Every structure is written in C-alpha cells, then in structure tokens.
Amino acid sequence: MSFSITTWNINSVRLRMPIVEQFLVRYKPDILCLQETKCPNGEFPMKPLKALGYEHVIIHGQKGYHGVAIASKIPLTEDHRRDYCGIGDARHISAIVQVGSRRIRLHNFYVPAGGDEPDRSINPKFGHKLDFIEEMKALRADGVPGTSSILVGDLNIAPLENDVWSHKQLLKIVSHTPVETEGMLDIMKKGNWLDLMRLNVPATEKIYTWWSYRAKDWEAADRGRRLDHIWSSQDLGPSLDRIEILREARGWNRPSDHVPVTAHFRF
DNA sequence: ATGGTGGTGTGACCA
C-alpha cells in the first residue's frame, strides 16, 4: 500500500485556504501537516478540509503567532501537544496513525526562528531556539517498541552546506550557524532519526524549501534554504518511495514563503 | 550595502 505525508509552513492558514485547497485537490496526500497557522482554535477552517476528505483534523493554535495542525484522511489517535520551553507557544502536536500493519507516532513541529542576532546574550529569541533544540534531543524515533516514528515540520535550521545557497555567506546567519546545525545533527543522532529528504539525494546537491519574501525575484535569485524537514525512525527508510518538493507553489497566488514537501512511502 | 516583503490586527511585533 502507498502512504503520503506533506509538511507545509502556511504562514496564516485562513489567508492561505485557497492554495491549501488547490494543493489538496491536485496532490491528495493522506496527511497534511501545517505550521504557522496563526489561527485561534475556534476560528480554524475545519469545514473546507473535511469537505475534501480530511475528516480527522487536530489543531493547536493561538492568536496571531505560531500554531500547528494535522489534517488526515485516516484516523488520528492518542494526540498530544507538548509545551516546549514551558512558555505556552503552540509549536508541537503529535498523534498515532495506523498505516496497514504499521503503527506510526507522528510529530509536527514549528521550531522558533530565533531572531536576527545569533548570540543569546543579546538576543533572547536565539536563546529560546537553542533551549528548544536542547529539549528536542530527548525525543527518540525508536523509543516505543512496535511503534515507528515520523517527524515533520518547519525546523528553521538548514543543517548541511548544500541546504543553503551559500554556506560561507550564511555561517553567521540564524538558521545556519554552527551551534544550530550541530544541535540539529545531535538531535538526529541522539534520537536515531533518519533524514528522509537526504536519503536518496547526495550531500553535494542543493535542496531548498524556503525562499525569502524580500527578494525582488525569488526564482531568479534562487537564494533558498532547506528549513522544512521530514525525518523517520530507521525502520521506515527502506519503505520511502520518493520525496517531492513543490517548488512551483512558491509562485502561486499569494504564496507562503515555504513550499510543501511530501514523502511518499510504499509499505 | 544593513535594506528588502508579508502576516497579524491596528500598533508594533514576528518571520
């Protein structure tokens, strides 16, 4: 059987519903994970998602900032939300999905962006990002026997040299500083996570999922970063069919600055 | 060279 899951930082789900619907009609993933919904729970657009067959929707929102959601064609059970750093931000939601004989714990994250200055002594937002990363190191992909794991989201870190348009020019730019990239690699190592977007793509090849709004011509400049990620427990690696990065969505009407990334599995 | 654009929700904040 096939199974597909998409992660997409939508930067306001209410404003972006036309392109969310366009994406779901065309690409039909089994599960859509959203970040930066910027939507209080009572105002989340449930009806259009359910009308498209995404009958199982779990949300964790707040007014104005952050917010994550999972919309699924298949049942979501045992959902929970963890308050990373204990400051009440809506940045994580998790549930179990049963795919054929496999039981999978799914995590959807929106990691703090971290502000502009990569120094926690003068920029508390960077300190918060580093604390969030530390807390993520306790999350294991293989922690529960008989349960596989998938972790997706906007992790706001581009870990490898070719996850940014210029490694050298971004070394002091938040999202690609050594303390962040090494922190992310440590989360993956400690938790035994597999980077599915790099599984079949050599480290020499550029991968981007985000292009700034501030460029005059994002496509011509092509100064992207890989900020969005799909990880899994080691056991799911052999079942990955392909990863699809929908670069064209950056050119859709009123786009998010992030594009959808989909993992297709064959179990 | 230190801006540039976009979203929330109406004044700064955040990305």
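Proteins get letters first, then strands, A, B, ... in listed order; numbering begins at 1 in each. Just so you know, these numbers come straight off a predicted model, no measurement behind them.
- Nucleotides B:dG4 and B:dC14, compared at atom C1', are 16 Å apart to the nearest Å.
- Put simply, the side chain of A:Arg14 gets close to the backbone of A:Lys38: a donor and an acceptor are under 3.5 Å apart.
- With a 6.0 Å cutoff to the six-membered ring centre and a 45° limit on the axis angle, A:Arg223 counts as a cation-pi contact of A:Trp165.
- Centroid-to-centroid, the aromatic rings of A:His60 and A:His66 stay 6.0 Å apart or farther.
- Nucleic acid contact for A:Arg223: none, since no nucleic acid atom lies under 4.0 Å from a heavy atom of the residue.
- Straight-line distance from the CD atom of A:Gln35 to the P atom of B:dG7: 17 Å, rounded to whole Å.
- With no hydrogens or angles considered, a side-chain donor-acceptor pair links A:Asn192 and A:Gln234 at under 3.5 Å.
- Of the residues near DNA chain B, A:Glu36 and A:Ala215, the one whose nearest nucleotide (by heavy atom distance) lies more toward the 5' end is A:Ala215.
- The aromatic rings of A:Phe265 and A:Phe267 lie parallel to each other, with less than 30° between the two planes, well short of the 60° mark.
- The interatomic distance linking A:Asp257 (CG) with B:dG4 (P) rounds to 18 Å, in whole Å.
- Checked by atom type and distance alone, the side chain of A:Ser149 pairs as donor or acceptor with a backbone atom of A:Ala141 at under 3.5 Å.
- A donor-acceptor pair shorter than 3.5 Å cannot be found between the side chains of A:Trp231 and A:Asp195.
- Side-chain N/O atoms of A:Gln35 and A:Asn108 include a donor and acceptor closer than 3.5 Å.
- Residues from residues 155-167 of chain A placing a heavy atom under 4.0 Å of any atom in DNA chain B do not occur.
- Scored by the side chain to side chain contact (heavy atoms under 4.5 Å, CB included) test, A:Ala249 finds A:Leu246, A:Trp252, A:Val259, A:Pro260 as partners (sequence neighbours excluded).
- Near-neighbour residues of DNA chain B inside residues 171-180 of chain A, defined by a heavy atom below 4.0 Å, are absent.
- As rounded to whole Å, 12 Å separates atom C1' of B:dA1 from atom NZ of A:Lys216.
- Protein atom CD of A:Glu117 is 16 Å distant from nucleotide atom C1' of B:dA15, rounded to whole Å.
- Salt bridge absent: A:Arg250 and A:Glu219 never bring a charged side-chain N and a carboxylate O closer than 4.0 Å.
- Side-chain contact check for A:Tyr213 and A:Asn11: at least one donor-acceptor pair (N or O, by modelled atom type) lies under 3.5 Å.
- B:dG3 sits 16 Å from B:dA15 when the C1' atoms are compared, rounded to a whole Å.
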Problem set entry | For DNA chain B, the dot-bracket pattern of Watson-Crick and G-U pairs whose distances stay under 3.5 Å, | for other-strand partners | ....((((...))))
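- A donor atom on one side chain and an acceptor atom on the other are found under 3.5 Å apart for A:Ser148 and A:Asp235.
- The CG-P distance, from A:Asn253 to B:dG6, rounds to 12 Å in whole Å.
- At whole-Å resolution of the value, OH in A:Tyr213 and P in B:dA15 are 14 Å apart.
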For nucleotides 9-14 of chain B, print each protein N/O atom paired with a nucleotide N/O atom at under 3.5 Å, atom names and distance only.
| residue | atom | partner | partner atom | Å |
| --- | --- | --- | --- | --- |
| B:dC14 | OP2 | A:Lys125 | NZ | 3.2 |

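- Taking atom P in both B:dT5 and B:dG9, the straight-line distance is 22 Å, to the nearest Å.
- What separates CG of A:Asp116 from C1' of B:dT5 is a distance of 14 Å, to the nearest Å.
- Using modelled atom types, one finds a donor on one side chain and an acceptor on the other under 3.5 Å when comparing A:Arg225 with A:Ser175.
- Between A:His258 atom NE2 and B:dG7 atom C1' there is a gap of 12 Å when expressed in whole angstrom units.
- Hydrophobic cluster membership for A:Val144: none, as no Ile, Leu, Val, Met, Phe, Trp or Tyr side chain comes under 4.5 Å of it.
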